[in-house]
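Chain naming here is simple, since letters A, B, ... match the order of the sequence lines and numbering starts at 1 in each.
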Amino acid sequence: MDFIFFLQDLINGVLMGLIYGLVALGLTLIFGVLKVINFAHGSFIMVGMFVAYWAVSLTGLHPYLALALVVPTMFIFGYFTQDLLIKPVFRAERDVREPTTVIIVTTGMWYILDNLALLIFGPDYRALSPNPLKGQMIELGQLFISVPKLWGALASVATAVGLFLFLSKTRLGRAVRATSLDREAAGLMGINQWKIYNIAFGLGTAVAGIAGVALTPFNNVYPTVGIPFDVKSFVIVVLGGLGSIPGALIGGVIIGLIESLGPIFMTSTWTEAIVYGLFLLVLFVRPTGLFGQKFDW
Amino acid sequence: MQRDTFKKYSLAALVALAFAFPLVVSNPTYVHILIMLYLFAYMTTCWNVVGGFAGVLPLGHSVFVGIGAYTSTVLWLQYGISPWLGMLVGGVIAAAVGYLIGKPTLKMRGAYFALSTMAFVEGVRVIVENVDKIGPFKLNGPRGLNIAPLPPEAAGFWSFQFDSKEPYYYIILIMLIAMVALTRFLSRSKLGYCLYAGGEEPEAAQALGVNVTRYKIIAMIISSFSIALAGTFLAQLTLFIYPKSVLTLDLSFELAFIALIGGRGSIAGPIIGSFLLRPVGEFSRIYLADSLPGMHLIIYGVILIVVMLYQPRGLTEPLTRLFDRLLDRLFGKETPPNGKPSAGNSSSSRSASTEVTSS
């Protein structure tokens, strides 16, 4: 009987962990290419959730159909954010390998987006109203698997595989990787690095949108919903290695497992401390994270 | 020569004005606002020692503020030790923690360093919120520590409690001036030059035999010690501390913002940043928070982005240029005195050096 509970927690941990991985995927993609930590990532997820929420509330469509609206919207949003706000600062710091001023710009965006949402929509917690997925469970003997979380976990794996294929198989993906390795050399090979940056940022934002859609059916939507995901994704990407796609998923699963299995052994507030402790431990022992590349960026 | 004397006199006038302020204005609200401005200028100056000079982005300095605040408060409440002594003890503990956290993290690349300091402050906050006592020391978890206000006749220097705002005003003003003087001294010392070099071109500095990490650690120790003193001051000023007031990311972020808006790595930057950014935040919060919730933070964010877009090196540089132009008006164009390069402030000389390297 105890084993069943353990198994249940294990399954929940893996599913939620994969969703955390999906949340962190956009962050790691943007970092991998631009070497910028996007502090507004949580806000991007919040924006994605609000777009999904309104798309579903106004049209009454199935929540996952909102993807068709969210992904292009978020891609365009990210594309122009990078083009209009981040690129100018980036240009000014071109010779700096790790632009830190950009962090301030993205933090400013975080403040603006979260509070704009607060100003427009108010602080209320909103639950998706026509929600066909609400409380749906798959029963496997004594085990229960939440359907929206299962779909979210599948979306996570699918997005990771999709990104991997895009980066390794397509011409554009190879250009993105070339730019991430050495932007000067890539520029000399005729790649327009600023365009690649725009596309990479747009992609990262679109992935944040996918995460938003995956979260909406079982998570309330409110202006500050992104903040816990923000800090969590930082921990995840450093655990897995900044810029690594499989690292994000595995880092996410580690965090998910700590959060779901931790309360068996200790009070649940302590699991948070364990997460940060593990984070620092990994940083000290293996600063590049579990899957981070050693090469010099 | 005339020009330099004018600069010296204007600086002296500014300091004299600061000292005379509470004598002229007795409204405690205004005095309090200035105390907070000085406090933030002080904390940012401390931050600047490592965040500005060393070219890394620490986002966890509220840990040291928290250590300072908690140490002196615990010592005062449980053992009756004067906060002045507690202040020093807190500073020493913070310096030790700064060393311990800096030794592994300062070797890292900037992004990892920023994130690990962030995780550190979050981790410490979670722990403090979840324990009622560490060993014999009561921390009271999320409820925080309340310093019982003493009756006016018992309050005084020893207990670091005063029945009026003026003593606090002078204490923080003197702390600020001392810290600025220390920063100025550091920026012209070997430590300062090594930090600049390590911040701009770490590889080149290493190649020249500068142990960049070691100097960064020294800077971290100085920074964490001095910022912890501000923690004690804050605790004695508000007489109430709790994890969310002294151990938050918000505070850490605000210090970084002030430094970057003012101009990181320059001596006047933190002061200018604090005097520009804090009032904007405060007044927009006071006047807009009720009618338009969140508006003040939107304004804050817009200012951050606009300044970073148009003055990525902070506002000290254009202000210095403006001041120089004013001096040109008054005393005629500056001629380099007998071949010696004019001693501009560190931020302008710093940007000049980057322009040379980038071109």
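With a 4.5 Å cut-off on non-hydrogen atoms, B:Leu59 touches chain A through its side chain but not through its backbone. Only the side chain of A:Ile37 comes within contact range of chain B, judged by heavy atoms closer than 4.5 Å. For a residue to count as touching a neighbouring chain, one of its non-hydrogen atoms must lie under 4.5 Å from one of that chain's; by this rule B:Phe253 touches chain A with the side chain only. With a threshold of 4.5 angstrom between heavy atoms, A:Val105 approaches chain B through its backbone and through its side chain.
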Stepwise side-chain contact (heavy atoms from CB on, under 4.5 Å) check, B:Arg125 with A:Glu272: CA-CA 10 Å; B:Arg125 180 183 58 78; A:Glu272 214 183 331; 4.1 Å; yes

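For the atom pair CG of A:Leu116 and CD1 of B:Ile298, the computed distance is 4.5 Å after rounding to the nearest 0.5 Å.
Residues of residues 269-278 of chain B lying under 4.5 angstrom from chain A, judged on non-hydrogen atoms, do not exist.
Annotation for B:Tyr99: atom OH does not count as buried by contact number, only 12 or fewer foreign heavy atoms lying within 6.0 Å. The number of heavy-atom neighbours closer than 6.0 Å to NZ of B:Lys103, taken from other residues, nucleotides and ligands shown, is 12 or below.
Top candidate by heavy-atom pairs under 4.5 Å with chain B, chosen from A:Tyr276, A:Trp110, A:Tyr111, is A:Tyr276. Interface summary for chain A: among B:Ile303, B:Val307, B:Leu260, the most heavy-atom pairs under 4.5 angstrom belong to B:Leu260.
The shortest heavy-atom contact between B:Ile127 and A:Ala273 is CG1-CB, 4.2 Å. The nearest pair of heavy atoms linking A:Val89 to B:Met308 is CG2-O, 3.9 Å. Closest of all the heavy-atom pairs between A:Phe279 and B:Leu115 is CE2-O, 3.6 Å. Between B:Leu297 and A:Asn115, the closest heavy-atom pair is CB-ND2, 3.0 Å. Nearest approach of A:Gly108 to B:Ile305, heavy atoms of both residues: C-CD1, 4.0 Å.
Side-chain contact between A:Thr107 and B:Phe257 is present, with heavy atoms from C-beta onward closer than 4.5 Å.
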